[in-house]
Amino acid sequence: MWAALAGGVGGAKLARGLAAIAPNEIDELRVIINTGDDFALHGLQIAPDVDTVLYTLAGIANPTTGWGIADDTASAQAQLARMGVDTWFWLGDRDLATHIMRTHWLASGFTLTEVTERLARSLGIAPHITLLPMTDAPVATEVQTPAGWLAFQDYFVRRHHADPVRAVRFAGISRALPTTATVTALRAAEVVVFCPSNPIVSIGPILTLRGVRQAIEHREAEAHPRCCVAVSPIIGGRALKGPADVMLASMGFESSAVGVARLYEGLVDIFVLDESDAHLAPQIADLGMRPLVAPIIMTTPEESRTLARRIHRAVAV
Ligand code: GDP
Ligand code: CA
């Protein structure tokens with residue numbers, strides 16, 4: 001069994017590749033997903049990163065945005081606007097069905113983990129692939145900007161991640177625990193993959209949950225291979241999408257594959273960086289990680305699968 005840590009779009013792209021080589025090369029995949037982006041809107045519980053992974057693995061994600069459902073329509077959104085509702089957060093008609101049922105099932109007493117499992121199976125995700133929210137407790141990522149502390153979706157969507165970020169905090173994280181399913185997956189995994197997600201606001205909340213680092217460091221899996229692999233979300237100093245590069249820089253980290261690798265020091269054995277960053281490999285090696293240089297841009301499902309295969313071969317060596 002392999003476990004993967006993922007945020008939204010970048011995470012889902014590698015998760016799709018790992019899912020594509022299961023159950024053959026990998027018998028089972030469990031994807032642990034950031035819930036720090038979750039929020040309530042119009043009374044609905046929205047879990048943006050969970051949904052991005054859900055739709056991507058179900059093969060229904062919008063290929064242009066990477067989030068939302070392909071060919072979704074916006075009749076409800078138009079009607080909300082007509083009613084004078086501020087529609088800063090785009091909600092497609094089909095996407096709304098997910099939020100309605102999540103909200104209903106949560107209100108009926110199911111955990112977010114159980115709700116996510118129901119959604120995954122109802123959308124046809126194969127039984128050897130499990131989507132695990134990192135926690136069932138509320139955690140809310142907030143960013144400190146010159147305009148003050150902002151709720152994550154306010155910063156990211158409403159304000160188009162234009163504010164410089166000085167610090168981040170994860171409200172509720174000291175009380176939240178990772179789910180049992182998350183800890184079990186990490187401890188039992190032969191391989192843990194850190195997907196190319198934003199290291200600060202996507203992977204960061206998962207690693208900050210009490211016990212997660214320890215679960216990765218002290219894994220039980222007897223099977224060979226047994227290691228931890230990270231893929232860089234930064235290529236040539238830039239994020240492919242979103243604010244990871246400017247966020248790293250404004251928080252005092254280096255905006256490069258090396259800057260990301262430093263954040264994972266002591267946890268990761270193999271660090272995958274893009275061919276165009278091959279000159280950084282010695283610096284990765286100096287951090288005690290084995291650098292793996294490969295094409296890491298995943299525009300198509302085939303590119304995701306190819307990268308997953310590369311990782312699978314690398315851990316077997
Ligand atoms: P979000 O929650 O939707 O912002 O998504 P993530 O945190 O999972 O991913 C955001 C990161 O994904 C950004 O830093 C991008 O640079 C990275 N990313 C997006 N597409 C790719 C890709 O094809 N390859 C790699 N290596 N990184 C990617
Ligand atoms: Ca996200």
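Every number for a ligand or one of its atoms is a count from 1 in the order of the listing. Positions are given from 1 along the sequence.
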Strictly under 4.0 Å, does any heavy atom of Ala6 approach an atom of ligand 1?
-> no
N/O to N/O below 3.5 Å, does that happen between Arg238 and ligand 1?
-> no
So, Tyr264 versus Phe194, ring centres under 6.0 angstrom or not?
-> yes
Closest to the Ca ion (ligand 2), which N/O/S atom of Asp37 is it?
-> OD2
Could an N or O of ligand 1 be found under 3.5 Å from any N or O of Ile234, whether backbone or side chain?
-> no
Quick one: does Asp49 get a heavy atom under 4.0 Å from ligand 1?
-> yes
For Asp49, what is the atom name of its N, O or S atom nearest to the Ca ion (ligand 2)?
-> OD1
Close N or O approach (Asp37, ligand 1; < 3.5 Å) | no
Does Met298, backbone or side chain, put an N or O under 3.5 Å from an N or O of ligand 1?
-> yes
Between Thr299 and ligand 1, is there a nitrogen or oxygen pair with a distance under 3.5 Å?
-> no
Start with the C-alpha distance between Asp71 and Arg94, add both sets of side-chain angles, then the distance that settles salt bridge (charged side-chain N to carboxylate O under 4.0 Å, His left out), and finish with yes or no.
-> CA-CA 9 Å; Asp71 303 319; Arg94 292 177 198 168; 5.5 Å; no
Does an N or O from Ile235, backbone or side chain, lie closer than 3.5 Å to an N or O of ligand 1?
-> no
Hey, which of Thr135, Asp136, Thr180 is the one that makes side-chain hydrogen bond (donor to acceptor under 3.5 Å, both in side chains) with Thr113?
-> Asp136
Inter-residue atom distance Phe110.CZ - Met101.CE, 0.5 Å rounding | 9.5 Å
Are Leu96 and Val85 grouped together when hydrophobic residues (ILVMFWY) are joined by side-chain heavy atoms under 4.5 angstrom apart?
-> no
Output yes when the distance from some N or O of ligand 1 to some N or O of Leu240 is under 3.5 Å, and no in every other case.
-> yes
Quick one: which of Pro196, Ala239, Gly8 has a heavy atom closest to atom 12 (O) of ligand 1?
-> Pro196
Other residues, nucleotides, ligands: >12 heavy atoms within 6.0 Å of Arg118 CZ | yes
Per-atom contacts of ligand 1 with Ile297, taking only distances under 4.0 Å to non-hydrogen atoms | 23 (O), 24 (N)
Parallel, tilted or perpendicular for His161 and Tyr155, by the 30°/60° rule?
-> tilted
Is Pro233 close to ligand 1, meaning an N/O of one under 3.5 Å from an N/O of the other?
-> yes
Any donor-acceptor pair under 3.5 Å from Glu114 side chain to Thr111 backbone = yes
Any idea which atoms of ligand 1 are less than 4.0 Å away from a heavy-atom of Gly10?
-> 5 (O), 6 (P), 8 (O), 9 (O), 12 (O), 18 (N), 19 (C)
Partner of Trp2 by side chain to side chain contact (heavy atoms under 4.5 Å, CB included), out of Ile21, Val315, Val31 = Val315
Arg238 atom CZ, over 12 foreign heavy atoms within 6.0 Å | no
For Val293, does its backbone N or O pair with a side-chain atom of Arg310 as donor and acceptor, under 3.5 Å?
-> yes
Purely on distance, is any nitrogen or oxygen of Ala244 under 3.5 Å from one on ligand 1?
-> no
Ligand-residue contact atoms, ligand 1 with Gly7, heavy atoms, under 4.0 Å = 8 (O)
